[in-house]
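First the structure, in the form of structure tokens, and then the observations on it.
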Amino acid sequence: MENENGKSKLPFVVAITGASGAIYGLRLLQFLLSSGQPVDLLLSKAAQRVMKEEHDLILEGDVESLLLSYLKLPKAVPLKLHPLNDYGASVASGSYRTRGMVVLPCSLGTLGALAAGLTENLIHRAAAVTLKERRKLMIVVREMPFGHIQLKNMLALSEAGAIVSCASPGFYHRPETVQDQVDFVVGRVLDQFDFDNQLFKRWKEDSRPIVQEKKVGQ
Ligand SMILES: Cc1cc2nc3c(=O)[nH]c(=O)nc-3n(C[C@H](O)[C@H](O)[C@H](O)COP(=O)(O)O)c2cc1C
């Protein structure tokens with residue numbers, strides 16, 4: 001199977017952890033699934049708590065259906081949500097090929113676990129697998145300011161091959177709404193994995209292409 005980039009549609013692993021900015025992960029999910037990209041989704045307990053605080057989104061019961069309904073996506077999209085204690089899940093093994101993995105947003109707790117190589121939940125295990133298989137792992141931390149320990153953890157992960165960044169939207173594309181800023185960050189994440197996107201106006205681009213996509217929570 002080939003996608004619009006001519007690349008095979010390997011699944012992409014998305015982990016959403018309990019840092020503020022759940023909207024980044026939700027928007028990424030919406031973009032990928034609506035373009036037919038298969039997604040293996042990992043959602044920490046703290047992420048669900050943050051979604052309740054930031055979106056009034058209560059994920060109890062059939063979490064997959066609730067998420068899809070919130071994102072206004074049909075049930076048929078290629079989403080697989082994995083319980084975090086399922087070490088027998090596909091993403092726990094390096095022989096399950098993926099296009100890479102992003103942790104968006106990444107909490108300081110998950111950052112520390114990844115830097116230490118812990119595997120206390122499936123997010124940690126999938127990230128460790130992504131690194132050991134030399135696939136692309138991107139972590140997008142949300143916190144300010146950073147302490148010495150977090151800076152060291154970020155350096156350790158970068159040295160191990162991960163792409164480390166902060167959820168830090170630019171302003172040169174003249175954002176007018178929060179959604180514009182969210183789309184900037186999500187667009188730059190997609191860029192790292194070569195997913196074609198027009199979520200934001202790029203530097204020296206004459207005009208922003210018209211994006212006719214649903215926004216999160218609207
Ligand atoms: C509303 C809310 C916002 C939070 N924001 C952040 C944050 O921006 N960054 C962070 O590292 N932790 C934040 N936390 C704390 C994490 O959720 C907490 O450390 C948790 O243990 C992370 O677990 P996880 O890494 O398994 O998701 C927040 C918690 C809540 C309830």
Side-chain angles (χ1 to χ4, degrees), residues 12-30 32 39-61 63-64 66-67 70-71 79-92 100-131 137-158 160 162-170 175 178-179 181-186 188-189 216-217:
F12 186 60
V13 187
V14 175
I16 304 180
T17 68
S20 184
I23 193 166
Y24 292 118
L26 292 170
R27 179 67 168 139
L28 177 72
L29 212 51
Q30 189 182 52
L32 291 170
V39 172
D40 285 290
L41 176 64
L42 307 168
L43 211 54
S44 78
K45 271 210 170 103
Q48 298 190 34
R49 168 74 199 279
V50 172
M51 285 179 192
K52 186 174 164 212
E53 299 294 336
E54 297 185 343
H55 294 269
D56 290 329
L57 177 57
I58 298 171
L59 296 176
E60 278 165 11
V63 174
E64 212 173 276
L66 290 167
L67 258 180
Y70 186 76
L71 297 174
L79 172 67
K80 173 75 187 147
L81 173 71
H82 300 279
L84 281 205
N85 59 0
D86 183 9
Y87 291 103
S90 54
V91 293
M101 172 172 176
V102 67
V103 187
L104 175 68
C106 183
S107 74
L108 296 186
T110 294
L111 168 73
L114 302 193
L118 301 183
T119 58
E120 291 192 332
N121 67 35
L122 190 59
I123 293 177
H124 308 163
R125 170 64 189 168
V129 164
T130 304
L131 280 180
L137 170 69
M138 182 174 194
I139 62 160
V140 186
V141 184
R142 209 308 312 172
E143 190 53 88
M144 68 177 289
F146 293 121
H148 197 72
I149 291 171
Q150 290 90 47
L151 291 166
K152 283 207 301 194
N153 285 340
M154 284 191 261
L155 182 61
L157 275 173
S158 177
I163 296 159
V164 179
S165 80
C166 295
S168 116
V178 171
Q179 189 69 47
Q181 292 178 291
V182 169
D183 281 354
F184 179 92
V185 170
V186 172
R188 297 293 286 126
V189 168
V216 168

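All ligand and atom numbering here is 1-based and tracks the order in the structure. A quick note: this is a predicted structure, and the numbers were derived from the prediction, not measured.
- Shown are Leu104, Val102, Leu157; of these, the side-chain contact (heavy atoms from CB on, under 4.5 Å) with Ile139 is made only by Leu157.
- A heavy-atom distance below 4.5 Å is not found between the side chains of Pro105 and Val140.
- Formation of a donor-acceptor pair under 3.5 Å by the Tyr70 side chain with backbone atoms of Leu26 is not found in this model.
- Although no hydrogens or angles enter the test, the distance criterion places no donor-acceptor pair under 3.5 Å between the side chain of Ser158 and the main chain of Met154.
- Residues lining ligand 1 at a heavy-atom distance below 4.0 Å are given as Thr17, Gly18, Ala19, Ser20, Ser44, Ala46, Arg49, Val50, Glu53, Ser107, Leu108, Thr110, Arg142, Glu143, ordered by chain and residue number.
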In sequence, state the C-alpha distance, the side-chain angles, and the governing distance for Val129 and Val91, and then conclude on side-chain contact (heavy atoms from CB on, under 4.5 Å).
-> CA-CA 8 Å; Val129 164; Val91 293; over 6 Å; no

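- Proximity of a side-chain donor or acceptor of Gln150 to a complementary backbone N or O of Gly147 within less than 3.5 Å is detected.
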